[in-house]
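All chains are named by letter (A, B, ...) in the order of the sequence lines, taking the proteins before the strands, and each is independently numbered beginning at 1.
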Amino acid sequence: MAMGLAWATAALGVFFIVLAFDTIGLFRKKNQFPVDGRTVVITGGSQGMGRGLGKLLAQKGANVVIVARDREKLKAAMEYISKSAQHPETQRFHSISADVTKPEENVRILQEVTTWNNGQAPDIVWANAGVSAPGLFVDTSIETLRAQMDINYWAAAYLAKATLKCWLHPSSSSDKPFTAKNSSLLPRHFVMTSSTAAFCGIAGYSPYSPAKAALRSLSDSLRSELNIYHGARLHSSSSGPPADIRIHTVFPGTILTPGHEAENKTKHPVTKILEESDPAQTEDQVAAAAIDGLERGYYLITTQLLGAAMRASALQGSPRNNWLVDTLFSWVTSVAWLFVGPDLESKVFQYGKEHGVYKS
Amino acid sequence: MGFFSRKNHFEVDGRVGSHTVLAKGMGRGLGKALAQKGANVVLVARNQEKLDAALKYIAASAKYPQSQRFHTISADVTKPEENARLLEEVTAWNDGNHPDVVWANAGSSHPTLFIDTPIEILHSQMDINYWAAAYLSRATLKLWLKPATSSSKSQESQTGPTQPRHFIITSSVACFVGLAGYAPYAPAKSALRSLADTLRSELNLYNGYRRGHPSQGPLTDVKIHCVVPGTIKSPGLDQENEVKHAVTHLLEEGDMAQTEDEVAVAAIKGLESGGYLITTQFLGHAMRAGMLGGSPRNSWLVDTLFAWVINIAWLFIGPDMEGKVFKYGKTNEVLLPA
């Protein structure tokens, strides 16, 4: 028993050491997400996480295009973002007002960006637009359920389709020769913003979680599919697409933004109870964590420890970021959920028992 | 009704089950298995002829041919109002009582590569595989969660304590993994699993309320379950295989396929054991273990150990599957956008 305990402690110690080194970047390979001189498009870019991303990418030297509906907000965000430019003389910034819940608008966005970008397709496209309208399922109108799916899933699916159609054009039928200092042989990146809500079911999130879970599933399917096109590049370099395409999905937790304030207005009290000890991040913290994950070459990216734990418990076939850490973490979290799961359920049950639910 | 040595968490004898089906495949298998257990069954699909044929087939398996009742309703379950209507019809047919068990089973798979799939098909896949079940669950819960005092017909004719009502969703193992070719289908099935997890959490609110306020709460507890089959030999599978990309066939080769009866029996067995997330064959069990997340375990020990093992297995299976797809692209003709 003592021997077993000693071994278990040693193993746990090794695990934490590896985790610590990984966290401080001791095993960091070269930057897998260079953006200096490259062009990035961000939907939902006028506030919240999108705006945080825009600012950070500007600091790292990227040309940034933000997309949202409201022109006033876009203008304000553009000013804010461009102030952070690393090379104010050469970096360019643009905004596009569009309704990303319409497929044709996503096609238009890609076309406008390409034109603005001297005939080059953007290097990085980030489907970040999203809104949460939580509420109890039977109290939520069908219009709201559908609208939530539109903004949280379809917007990203349409953008993925438009972007991939653009990027997978065979390189022989292409655009002008590339003159940017970072050649387009660098991989292109398609990034989607999902949510930790995709990893677990919480009372009050039925309009939102299914859409975010669908995003994770789309990401896994597309990741598998993109291998075909990458293989095709090796098959015959003239008939393949000009560059590899990497796909990534980011899963933030609570972010303190205008969107979050709006969300809290419709949120049921029981949902707030379930979330009460969750960490909250600012738009800058979330952006920094997301881009850090991308620079490490990660696929499914979380932005704080709770998110990382939730991801570890739902890994299945998704590629690991770090095989040792992810595997050990998943073991630990699968035990943790044996306690956390029933605890969350009993909180809801208690609330119902004491407060009741009926509105109509 | 007798007492069994192992408690049956899914009593159907004498109860009314209504499920949306495609009048063939798993739905028909379920109808037959439930009829054999003594349930009154209502089948829902679009095509009346297929419904009539299925009805005959199912009624032939009735445990009590003299007293069991069977019915069909032709409806397009991708429309919210149709789901409300079908529940009204079932209630009227059932002497003013709401059905006891509702199974949102309708679904169909169109596995083609994402950039080759028209948006209309992406939409229709989400409609039949997610929205149909979301609309049905919403319409059903709006009826079941009404305060007991509001129902016009007294339910006290039931002997003994009121049994829980069950809402069941049929998802697919496609929700547990990303495979090239399933982008139209897997996200919808993933959304279903997430909806089931969320509703399971939410139903605690109503079940808790009922415990604390027995006369003002809903008439019965409500339980939700998510059945996750793998490949099923059915007319639906034949259609699916016609459009399926070669690389998807490659990734699925060696996957176990079940008949509609095998799947139905496995699903109902899982329900009778009181399971929540129910898979129907070994591959499904393994895939479920790898994606447990926060979902309630069926068996805490088995599920946890299984999860640990599966996690290691995927370190090898994952890259192997990606390698297969890559190799396919390298050695075959691939359609690129014009």
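- A:Lys161 NZ: more than 12 foreign heavy atoms inside a 6.0 Å radius.
- Looking only at heavy-atom pairs under 4.5 Å with chain B, the residue among A:Ala312, A:Pro342, A:Cys200, A:Ser206 that has the most is A:Ser206.
- Counting only distance, with no hydrogens or angles, the side chain of B:Asn129 and the backbone of B:Gln125 share a donor-acceptor pair below 3.5 Å.
- Between chain B and the options A:Ser219, A:Ala197, A:Ser313, the largest number of non-hydrogen pairs under 4.5 Å is found for A:Ser313.
- Of the two parts of A:Leu215, neither the backbone nor the side chain holds a non-hydrogen atom closer than 4.5 Å to a non-hydrogen atom of chain B.
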(request) Take A:Val335 and B:Thr304 through the test side chain to side chain contact (heavy atoms under 4.5 Å, CB included) and record every step on the way to the result. (result) CA-CA 7 Å; A:Val335 174; B:Thr304 304; 4.0 Å; yes
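- Between the CD1 atom in B:Ile169 and the NE2 atom in B:His225 there is a gap of 10.5 Å [rounded to 0.5 Å].
- Here the side chain of A:Asn227 pairs a donor or acceptor atom with the backbone of A:Ser224 at under 3.5 angstrom.
- Ranked by non-hydrogen atom pairs under 4.5 Å with chain A, the options B:Val177, B:Leu113, B:Leu199 are led by B:Leu113.
- Note on A:Phe137, A:Tyr158, A:Phe199: by heavy-atom pairs under 4.5 Å with chain B, the leading option is A:Phe137.
- A cation-pi contact, defined as under 6.0 Å to the ring centre and within 45° of the axis, links B:Arg200 to B:Tyr276.
- Of the possible donor and acceptor atoms, none in the side chain of B:Ser194 sits under 3.5 Å from a partner among the backbone N and O of B:Ser190.
- Counting heavy-atom pairs under 4.5 Å between each of B:Ala286, B:Gly212, B:Ala188, B:Ala183 and chain A puts B:Ala183 at the top.
- Both the backbone and the side chain of B:Ser137 come within contact range of chain A, each with at least one heavy atom under 4.5 Å from a heavy atom of that chain.
- With a 4.5 Å cut-off on non-hydrogen atoms, A:Leu222 touches chain B through its side chain but not through its backbone.
- Ranked by heavy-atom pairs under 4.5 Å with chain B, the first of A:Ala314, A:Ala336, A:Ser346 is A:Ala314.
- Put simply, of B:Tyr182, B:Trp131, B:Trp300, B:Phe176, the one with the most heavy-atom pairs under 4.5 Å next to chain A is B:Trp131.
- With a 4.5 Å cut-off on non-hydrogen atoms, A:Ala198 does not touch chain B at all.
- Contacts of B:Leu122 with chain A are made by both backbone and side-chain atoms, with heavy-atom separations under 4.5 Å.
- The residue among B:Lys324, B:Met126, B:Arg210, B:Lys189 with the most heavy atom pairs within less than 4.5 Å of chain A is B:Met126.
- The choice from B:Gly178, B:Pro187, B:Gly323, B:Ala191 that makes the most heavy-atom pairs within less than 4.5 Å of chain A is B:Pro187.
- Ranked by heavy-atom pairs under 4.5 Å with chain B, the list A:Ala211, A:Ala157, A:Gly201, A:Pro210 is led by A:Pro210.
- With a 4.5 angstrom heavy-atom cutoff, A:Val340 does not touch chain B via any of its atoms.
- Using a 4.5 Å cut-off between heavy atoms, B:Met321 makes no contact with chain A at all.
- In this structure, A:Lys102 places its NZ atom where only 12 or fewer heavy-atom neighbours from other residues, nucleotides or ligands lie under 6.0 Å away.
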(request) Given side chain to side chain contact (heavy atoms under 4.5 Å, CB included), test B:Leu87 with B:Asn83 step by step and report yes or no. (result) CA-CA 6 Å; B:Leu87 285 170; B:Asn83 286 281; 5.8 Å; no
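- Once rounded to the nearest 0.5 Å, the distance linking CD1 of A:Ile247 with CZ of A:Arg223 reads 9.5 Å.
- Heavy-atom distances place no part of A:Thr271 under 4.5 Å from chain B, backbone and side chain included.
- Checked for salt-bridge contact, B:Asp127 and A:Arg146 meet the test: a charged N lies under 4.0 Å from a carboxylate O.
- The 12-atom threshold is exceeded at NZ of A:Lys267, counting heavy atoms of other residues, nucleotides or ligands nearer than 6.0 Å.
- Heavy-atom pairs under 4.5 Å with chain A were tallied for B:Phe114, B:Tyr130, B:Tyr135; the largest tally goes to B:Phe114.
- For A:Arg216, the part lying near chain B is the side chain, with the backbone staying farther off; criterion is any non-hydrogen pair under 4.5 Å.
- Summarising the geometry, atom OG belonging to A:Ser330 is positioned 8.0 Å from atom CD1 belonging to B:Ile312; distances are rounded to the nearest 0.5 Å.
- The candidate from A:Leu274, A:Leu145, A:Asp326 with the greatest count of non-hydrogen atom pairs under 4.5 Å with chain B is A:Leu145.
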